[in-house]
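One structure below.
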2 protein chains.
Amino acid sequence: MSRLPEYLRALHALADAGHETVSSEGLANAAGVNSAKLRKDLSHLGSYGTRGVGYDVALLIDQIESVLGLTQCRAVALVGVGNLGHALAGYDGFASRGFRIAALLDADRSRVGEQINGLVVRHVDELSRVVAEESISIGVIATPAPAAQAVADELVAVGVTSILNFAPCVLSVPDGVDVRKVDLAIELQILSFHEHRKASLTALPATGGPGLAALPGGLAATDTQEAIGT
Amino acid sequence: MSRLPEYLRALHALADAGHETVSSEGLANAAGVNSAKLRKDLSHLGSYGTRGVGYDVALLIDQIESVLGLTQCRAVALVGVGNLGHALAGYDGFASRGFRIAALLDADRSRVGEQINGLVVRHVDELSRVVAEESISIGVIATPAPAAQAVADELVAVGVTSILNFAPCVLSVPDGVDVRKVDLAIELQILSFHEHRKASLTALPATGGPGLAALPGGLAATDTQEAIGT
DNA sequence: AGGCGCTTGTGAAGAGGTGCACAAATCGCG
DNA sequence: CGCGATTTGTGCACCTCTTCACAAGCGCCT
Ligand SMILES: NC(=O)c1ccc[n+]([C@@H]2O[C@H](COP(=O)([O-])OP(=O)(O)OC[C@H]3O[C@@H](n4cnc5c(N)ncnc54)[C@H](O)[C@@H]3O)[C@@H](O)[C@H]2O)c1
Ligand SMILES: NC(=O)c1ccc[n+]([C@@H]2O[C@H](COP(=O)([O-])OP(=O)(O)OC[C@H]3O[C@@H](n4cnc5c(N)ncnc54)[C@H](O)[C@@H]3O)[C@@H](O)[C@H]2O)c1
């Protein structure tokens, strides 16, 4: 489930706050989900709660980290050390979440050799060697969109089977390779859609615009993420 | 639907490539979705295709932009001009997607006054004035997690009803305010989960680990995003 | 030791998304 | 003008995910 990482983050926060155990209700609040959904999720990985008490925070953290394969740090290769790549490379919050940026790669030779956060930028030609040396298991693409597919192909060719893509384009990869995409413009556009919907609802309860604003079919807000009330 | 922005991006790419019309199959391929799903999505906003021909690219772009409320540029305020904030502020790809970063705000007075991409960083105390001056409709939070809730409260207080949150925490907001979260560590952890699953499947067809790797319930890959084959 | 309150785990119902398959519609061409 | 090729729009079945509601289990207090 894609909610496990969210639970994990909430559990770490609870552990830091000194909680030994947590009820499904408490953890659900901290993670922003329904408590029944959370219990069902946790039951899928083998039910480690105690009725009447709740879940042992430390034990549950171990459980989830084991399921997610975070028992040891995973090495990540970052391809494209530009605007966004610099921010990612300079971010120190990945280590506590189980990841280590182990390599920085770029095609621009004028960037090669630059040091960021103690890591030196290497040329993308060295990808194969770097992946082997550092046991890279995940590749992050932060290049412009036109280069993203080529970079993905190279990553796949050297054996990387998980890719996080920041370029606004769809990647074609063979079966067995997982790709996740982060497109900030899409997130903004979804918010814009909600803004637009809210504006036309408050301003025009009946169809009042030039005919296009009010949708006939309904088109309710059917996104993945949701906001919870106060 | 949250897929509309993806369609829009694919349509712009097709328009740049000179296509006048596109079939549902072609657009579905470019957007990485099923063609039936795409047709059903488009039919929800009023069916503007011609049978036997396909969809008019320019018309469909106008349609989707109208639905998303992108007919005019939306002004965005970015709060927290640190590591990540700099990358976002320096990114010029938002303008072509319908957004304009109209304000940079930070609590650190030593950052106030700094210029990025022609924009001056202002103190977060000026949030109220800036939001009114620039007709801000969306707020982006790129502060550390402990400050995110306070910033969100301030944004809501000055009338912002859509928030994009990069801090790894859940935000509580009143009803009517939309929040979307981007957590890169969560994306990496989902990839890690798939890596872990692939590894245990290839190495141990039957239960062979210390009992925790192989999940009893099944726990198939049930994420939002998916990879398509070549 | 027994009862009581609290919490988990889960069955079942409901809702919504997905994809197939096909009828309806349009264009181009003879 | 008529026909075939092509593509849209959609009814329908399937399936997953979500949520409610409640029995079973556990600890604590008396
Ligand atoms: N900067 C942001 O805030 C932001 C926001 C949303 C999306 N994005 C996307 O992220 C990607 C990167 O954005 P950016 O602002 O960092 O761009 P950028 O131009 O600053 O950096 C791109 C880097 O990739 C390198 N590169 C180009 N081709 C390469 C190749 N074939 N192999 C390896 N490296 C290569 C370039 O040398 C450059 O250093 C883009 O696709 C952009 O659309 C960025
Ligand atoms: N940098 C990354 O690549 C990256 C990756 C994933 C997540 N994040 C998250 O993004 C957020 C920002 O990361 P960063 O690396 O830019 O951190 P950063 O420390 O470099 O920048 C944070 C900025 O926010 C400002 N700030 C702090 N409190 C504020 C307040 N109350 N109001 C306004 N501004 C305030 C600080 O002055 C600073 O300039 C963090 O929550 C981080 O976890 C960053």
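Scope of the values below: all heavy atoms of this structure, side chains included, with no hydrogens, waters or symmetry mates. First the proteins, then the strands, lettered A, B, ... as listed; each starts at 1. Source: prediction; values computed, not measured.
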A:Arg51 CZ - D:dG27 C1' separation (whole Å): 14 Å
Contact under 4.0 Å: A:Ser24 side-chain N or O vs C:dT8 OP1/OP2: yes
Between C1' of C:dT8 and CG of A:Leu45, the distance in whole Å: 14 Å
Which nucleotide in C:dT7, D:dT19, C:dG9 has an atom nearest any side-chain atom of A:Ser43: C:dG9
Under 4.0 angstrom between B:Ser23 side-chain N/O and D:dT7 OP1 or OP2: no
N/O (side chain, A:Tyr55) to phosphate O (OP1/OP2, C:dG9) under 4.0 Å: yes
Validation row: B:Val79, B:Val140 side chains within 4.5 angstrom (heavy atoms): no
Nearest-nucleotide 5' precedence on DNA chain D, B:Lys40 against A:Ala36: B:Lys40
Gap between atoms CG and C1', on B:Leu42 and D:dT7 respectively (whole Å): 13 Å
Any side-chain heavy-atom pair of A:Glu65 and A:Leu8 under 4.5 Å: yes
Nearest-Å distance for atom pair CZ/C1', residues A:Arg39 and D:dA24: 13 Å
Whole-Å distance separating the CG atom of B:Asp41 from the P atom of D:dG9: 12 Å
Flag side-chain contact, heavy atom, 4.5 Å: A:Pro5 against A:Arg97: no
Length of the NZ-C1' vector between B:Lys37 and D:dT10, whole Å: 17 Å
Spacing between B:Leu4 atom CG and C:dG17 atom P, to the nearest angstrom: 13 Å
B:Asn34 side chain near C:dG17 phosphate (N/O to OP1/OP2, under 4.0 Å): no
Any side-chain heavy-atom pair of B:Phe99 and B:Leu70 under 4.5 Å: yes
Whole-Å distance separating the CG atom of A:Leu38 from the C1' atom of C:dT7: 13 Å
Pair B:Asp178-A:Arg197, salt bridge (charged side-chain N to carboxylate O under 4.0 Å, His left out): steps then yes or no: CA-CA 11 Å; B:Asp178 289 295; A:Arg197 202 167 51 86; 5.5 Å; no
